[in-house]
Amino acid sequence: MCRALDSLPITCLEKAKELKALFGSLLQKSDHSITKFSIDPSKWRESFEKLLCSQNGLCLFRAFLVSEFSEENIAFYLACDDYKTTKPSKLATKAKKIYDEFIGCDAPREVNLDHLTKAITKENMDHPKQSCFELAQEKIYTLMEKDCYPRFLKSSVYLEASRKAKTS
């Protein structure tokens, strides 16, 4: 086993193995499972937005990020989307949870944000609004679009899903 993997909590490794097995079995099915679940990987190649708008695309992309140990990016992005629909009475509690999990000092799932973005987001925490994570979410979206998404399109998970979709 790789030394870097030794330092990860066993639950992370188990989750990654679980997802790999799940998607491996999905892609192995010889029946028309790809069309049955309305997976259209060719649409995902058109844009990152189309990938995220597809439930199946998002699921495969998330599994890919887990395999690359960068799942915190999509988790943060989705948490921010969910936060935007939060009732005003619960904004402060939810904002603190998101900040502590993804942005704060020693956050367990810290996302890669520049110092200025972190500072602006921390300042927004003083008076949480539905837009308080907007800048940070945009930065993570851009990071995934420019870095993770092109790697996903070259990954075996995506290529196998595309191949299966074409032969169904």
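This is a predicted model, so every value here is computed, not measured.
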Check whether any side-chain heavy atom of Met144 sits under 4.5 Å from a side-chain heavy atom of Phe61, and report yes or no.
yes
Looking only at heavy atoms, the pair that brings Pro108 and Asp100 closest together is CD-O, 3.5 Å
More than 12 non-hydrogen atoms from neighbouring residues, nucleotides or ligands closer than 6.0 Å to NZ on Lys84, yes or no?
yes
When rounded to the nearest 0.5 angstrom, what distance separates NZ in Lys154 from CZ in Arg151?
9.5 Å
Please work out which of the three classes, parallel, tilted or perpendicular, describes the rings of Phe48 and Tyr149, given edges at 30° and 60°.
tilted
Tell me, with the steps shown, if Glu49 and Tyr141 meet side-chain hydrogen bond (donor to acceptor under 3.5 Å, both in side chains).
CA-CA 10 Å; Glu49 184 65 30; Tyr141 180 92; 3.2 Å; yes
Going through the distances and angles, do Arg45 and Leu153 end up as a side chain to side chain contact (heavy atoms under 4.5 Å, CB included)?
CA-CA 7 Å; Arg45 184 173 282 288; Leu153 294 176; 4.0 Å; yes
Any side-chain to backbone donor/acceptor pair from Gln130 onto Thr86? Under 3.5 Å, distance only.
yes
Where Gly57 and Leu51 come nearest, the two heavy atoms and their spacing
O-CD1, 3.4 Å
If I compare all heavy atoms of Cys80 with all of Phe133, which pair ends up nearest, and what's the gap?
SG-CB, 3.6 Å
Inter-residue atom distance Leu58.CG - Leu52.CG, 0.5 Å rounding
6.0 Å
Flag yes if Ile103 and Leu91 sit in one hydrophobic cluster, no otherwise; membership is Ile, Leu, Val, Met, Phe, Trp, Tyr, and two members link when side-chain heavy atoms are under 4.5 Å apart.
yes
Under a 4.0 Å N-O cut-off, is there an ion pair linking Lys118 with Asp114?
no
Side chain to side chain contact (heavy atoms under 4.5 Å, CB included) for Glu68 and Phe152? Distances and angles first, verdict last.
CA-CA 10 Å; Glu68 293 214 330; Phe152 170 73; over 6 Å; no
Taking Thr85 for the side chain and Asp82 for the main chain, is one N or O donor matched with an acceptor at less than 3.5 Å?
yes
Report yes or no: do Leu135 and Phe102 belong to one cluster of Ile/Leu/Val/Met/Phe/Trp/Tyr joined by side chain heavy-atom distances under 4.5 Å?
no
Is there a side-chain hydrogen bond (donor to acceptor under 3.5 Å, both in side chains) between Asn124 and Glu134? Walk through the geometry before answering.
CA-CA 10 Å; Asn124 290 344; Glu134 207 165 87; over 6 Å; no
Between CD on residue Glu71 and CZ on residue Arg62, distance to nearest 0.5 Å:
4.5 Å
Verdict with supporting geometry, Leu143 and Val111, side chain to side chain contact (heavy atoms under 4.5 Å, CB included):
CA-CA 10 Å; Leu143 174 74; Val111 291; over 6 Å; no
Atom CD of Gln55: over 12 foreign heavy atoms under 6.0 Å:
no
Tyr77 backbone acceptor or donor facing Gln137 side chain under 3.5 Å:
yes
To the nearest 0.5 Å, what is the distance between NE2 on His115 and NZ on Lys122?
11.0 Å
Rounded to the nearest 0.5 Å, how far does OG of Ser70 lie from CD1 of Ile140?
10.0 Å
For Glu72 and Arg109, which heavy atoms make the closest approach, and how far apart are they?
CB-O, 3.4 Å
CG/Asn112: more than 12 non-hydrogen atoms of other groups inside 6.0 Å:
no
Closest non-hydrogen atom pair, Tyr158 against Pro41
OH-O, 2.9 Å
For a quick test of reading the model, state the closest non-hydrogen atom pair linking Phe64 to Cys148 and the distance between them.
CE2-O, 3.7 Å
Should we count CD of Glu46 as having more than 12 external heavy atoms under 6.0 Å?
yes
From CZ (Arg163) to OG (Ser156), nearest 0.5 Å:
11.5 Å
Does Tyr83 use its side chain to pair, donor to acceptor, with the backbone of Cys132 at less than 3.5 Å?
no
Backbone N or O of Leu113 within a donor-acceptor pair of the Thr117 side chain at under 3.5 Å?
no
Show the numbers, then the answer: is there a side chain to side chain contact (heavy atoms under 4.5 Å, CB included) between Asp147 and Thr142?
CA-CA 8 Å; Asp147 182 47; Thr142 301; over 6 Å; no
